[in-house]
Each structure stands twice: as C-alpha cells, then as structure tokens.
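In what follows, every heavy atom counts, from backbone to side chain, and hydrogens, waters and symmetry copies are set aside.
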Amino acid sequence: MRRRHLLAGTAAGVVALGLNPAAAHAQRPGASAAPDLHLGDLPVVGRVRARNAMEHLHVLSERIGQRIGGTESEHRARDYLARVLRDLRYRVELQPFPAPDKYLSQLALPDGTRWHAGASRSGALGVTARGPVVDLDAGATLPDDLTGKIALLVNLPTGSTAAVEAARRGAAAVLIGRVSTPPAGKTSAFSPALAENVAPPVLGIAQVQVERLRAAGAVELTVSTTAHTNLTSYNVIAERPATFPGSDGVVMVTAHYDSVPGSPGANDDGSGTVLALELARVLRLLPTRKALRFALWGSEEQGLIGSRYYVNQLAEAEAARITGVFQNDMVATSHGPATAYWLLSVDGTANAATSEVAAAAARLGYGARVHGPTPRGSSDHVPFHERGIAAANFSWRGEGGPHELEPLYHTPEDTIAANVSPQRLQVSLELIGAAAYRLAASR
C-alpha cells in the first residue's frame, strides 16, 4: 500500500510539473541506446537542465574565481551556495572547521591582466615588488647582478640552489615555474619550498603563466604575496526530510567547492558543486522515504579536510542512517578523450551508490559510457568509505582508466570556456539525479 502511495505521489508530481513524457522518453544526447525509464525517473530527467547549473558555474568560476580553503575567496562561495539552498527552502547548516595556512600571490601585467599563484613561506610575504622579467631557464648560469629584476626560473633540477642565489644577487622577486610536455598534463601554481629564507618574494607559478611570460619577453611585472593564517573553512550542508514514512535513511549528494591556487576550478570542482545545486532544485518537492542531504565540502584540495571533519563528527546512529553518498568531482570536462563516465569506489567493489548509477545508466541508455566500479580514492568519498558508509565518486575521464585526467586539471585554464562541456554536465545530472532519487524513494 505504501509503495502505491509513493508511486501515486510521483505520478502526480509528473503531471503537476507539466512534464512531457514523450520528450522525457526520447533518446538522450550522447546516449548509445533508447531509454527505458521508470516512472520515478520522469520528474528528474524531465526537469534537470545543464543551463541552470551553468548559471551557478559562471558565478563560482568567473565572478568569484579561485576559491582557496579558509580564505575570503572560499567564504564568498560559501555565502552564495548557502543563499541558493536557503532560497530553495532547505534547512542549511554552515559547519566550520580549521584550515591550514595559505601562502598566495598575485601577478599584474601592464595591460591590467592579473594572475593568481602560490608563494613560498621562505620568501617575503605581505610585500609588493616590480621589475622586468628576465628568463634564467633552469638557473645553470646566473648574471652577477639581478638588482631590480624579476628572475624567472623554470624546471629547476632537484637540489638546485638557483632561487636562493638569484635572491642573493639582488632579484626583486623570484618566479619558479615548471613546464611539462605532452602527454603529461600542464603544471599548476604551487608554494615553493626553499632550503633557506630569502629577502625577496618567491612565487610558484603555473605552466600557462610561464608560457605567456616567455612569449611577452622582458615585460614589466608587479607581484605581491600574502600569508593567510588562522583560517576557518566551512562545509555547506542542506537537508530536507523524507515525505513518506518507511525509512529513517539519508541519501547524500556531495561535491567540493574549493579550488587550488591560481585555478578558477570550473570543472574541479565547480561542475560537481553546481550539479548538486541543480539537483537540489529538482528534487526538493519530490516524494521520498529517505531524507535528502546535499553537502558541499570546503578545503578538499588540502587533503579532504572538510569531508573528513564532517564524517568524524557523526555519531554512530547518524552514520548508520546514511544509505548512499554520491560524490561528484570533475563531472563536466570538455577534454576530447574523456569519454568514459567512471564509477569510483575506494576498494573497487559495488555499493549502493555505484549500483544505482549503473542501473540509471542502463535505463537512460548511457550504459556504454559508464565504466566501473573500479578502485580510486583521492576525493571526498574516502572518509565515508573508511566509516563503512556506501559512497563513491563519479567523474568523466579517459577510457584507459580513471588516472587519465584532462591536461588542464588544477591549472588556471580550468575555465568554463576551455574545460567544461554542458552536454557532459547534462549526462551527469541525469545519472546522479535518477540514481539518488531512486535510492531516496526506496524502502
């Protein structure tokens, strides 16, 4: 009787939402087969829209940009996410936790272009320096006098003292970069470690920044460094209760909203974050037997700090309520070879989350695109797995394995224009939406 009531509620929702069942049953973009949808799929796949999620992504990746754990940039994103979820009538909690110190920098070119990068704690912090860039390559030989110059050092060999020596010879600032060649991905900004403290600021810049500086020649550059200490990062948790009796369970849809220094984090993981926001919109009024909880993690890039803090705070009874965690990390890359949608559990075995997504893929006609489950950590499903909770990460990557990341991963070029496919985002929305709703509607 209860199941009939739930299905009746779902059917009523299809009608009330004004869905066109024929359109919902049409072959999905990028699918290899026609769909065979269940009744509960209709109000999800008929309503999720990548274009809605993309509106949020423009705010996160372009208006806010880099979102560094515990800093003001991440807090701006936190406030935006909380506002969106509260407007959807979710009960929203901001969960604070301590985050590591950050050492960051900014580079300003004469044309007004500004880049973000990392900084070394061994160099001057809280200062600004100006001067022409001089390319010293790997620092095998250095000019006797670098006074007033900004030294650019690239691909320093292990044990090199060139950065320290450039500082001793009067460099106004030292830029350290790394350049890789295909098929390796491009390198990201970083905070360099030096063997000793030096007087000028020392920056760790990304490959694309090295390439553009070299193309510009002896361009005048202004650099600044900042130390961010005593930081607090936040998880954004939003929940709505079950609408039908029959289970005390919770289904979670999750992503991390921070990014690495220098990167606007469009795909990693702005894409997963906006997927969660769009599913929160679509699922908020649908009948379920389990509570729906959306969690957006802070400080993932420093070692899963936000999700680990959340899991560690769970009482045993609360942890036991969670029946499945759908973690979405890098779900929309436009990188051509990333044609496989991977189901990634820590130990490579199937669980409630991977099984529901695999079943949703079969119903939607995406079965040929879906691979796994296969073993992979390195995202926020790990702390849940360690607590014995069914959890998995979902991501677009290469056919050869989940290690095949797009070359723009963690770089300043992880932008909407260069690294996001609305079509792949739509597939991700449909798969996770259909899977999470089916699990939430089940006993």
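For Tyr90 and Phe294, the ring centers sit closer than 6.0 Å to each other. Taking the six-membered ring for Trp, Trp297 and Tyr310 have ring centres closer than 6.0 Å.
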Using the rule given for side-chain contact (heavy atoms from CB on, under 4.5 Å), can you reason through Arg214 versus Asp137, listing the C-alpha separation, both sets of side-chain angles and the distance that settles it, and then say yes or no?
CA-CA 10 Å; Arg214 283 181 159 175; Asp137 199 37; 3.1 Å; yes
Step by step, work out the side-chain contact (heavy atoms from CB on, under 4.5 Å) result for Val250 and Lys290.
CA-CA 5 Å; Val250 175; Lys290 299 182 181 72; 6.0 Å; no
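The closest side-chain heavy-atom distance from Thr254 to Val325 is below 4.5 Å.
Contacts of Arg178 classified as side-chain hydrogen bond (donor to acceptor under 3.5 Å, both in side chains), with partners at least two apart in sequence or in another chain: none. Listed by chain and residue number, nothing satisfies the side-chain hydrogen bond (donor to acceptor under 3.5 Å, both in side chains) test with Glu220 (two or more places apart in sequence, or in another chain). Checked against side-chain hydrogen bond (donor to acceptor under 3.5 Å, both in side chains), His335 has no partners two or more places apart in sequence or in another chain. Legend: residues meeting side-chain hydrogen bond (donor to acceptor under 3.5 Å, both in side chains) with Arg240, ordered by chain and number and at least two apart, are Thr288.
The minimum heavy-atom distance linking Val251 with Thr323 is given by the pair CG2-OG1, 3.7 Å. Taking all atoms of both residues into account, the shortest heavy-atom contact from Leu304 to Val382 is CD1-CB, 3.9 Å. Contact record, Leu221 with Ala108: CD1-O, 3.4 Å, taken as the closest heavy-atom pair.
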Show every donor-acceptor pair shorter than 3.5 Å between a side-chain atom in residues 179-186 and any protein atom, with sequence neighbours excluded, or say none if there are none.
from	atom 1	to	atom 2	distance (Å)
Ser180	OG	Gly185	O	2.5
Ser180	OG	Gln207	OE1	3.3
Lys186	NZ	Glu413	OE1	3.1
Lys186	NZ	Glu413	OE2	3.4

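With salt bridges taken as basic N to acidic carboxylate O contacts below 4.0 Å, one links Arg293 and Glu239. Note on Glu278 versus Arg47: no salt bridge recorded, every NZ/NE/NH1/NH2 to OD/OE distance being 4.0 Å or above.
Side-chain contact of Thr339 with Glu399: a donor-acceptor pair under 3.5 Å is present, judged by distance alone. Checking Asn351 against His385 by side-chain atom types alone, no donor-acceptor pair falls below 3.5 Å.
Residue pairs meeting the ring-ring contact (aromatic ring centres under 6.0 Å, His included) criterion with at least one member in residues 344-374, sequence neighbours excluded, are Trp342-His371.
Judged purely by atom type and a 3.5 angstrom limit, Asp414 has no side-chain atom pairing as donor or acceptor with the backbone of Ser263.
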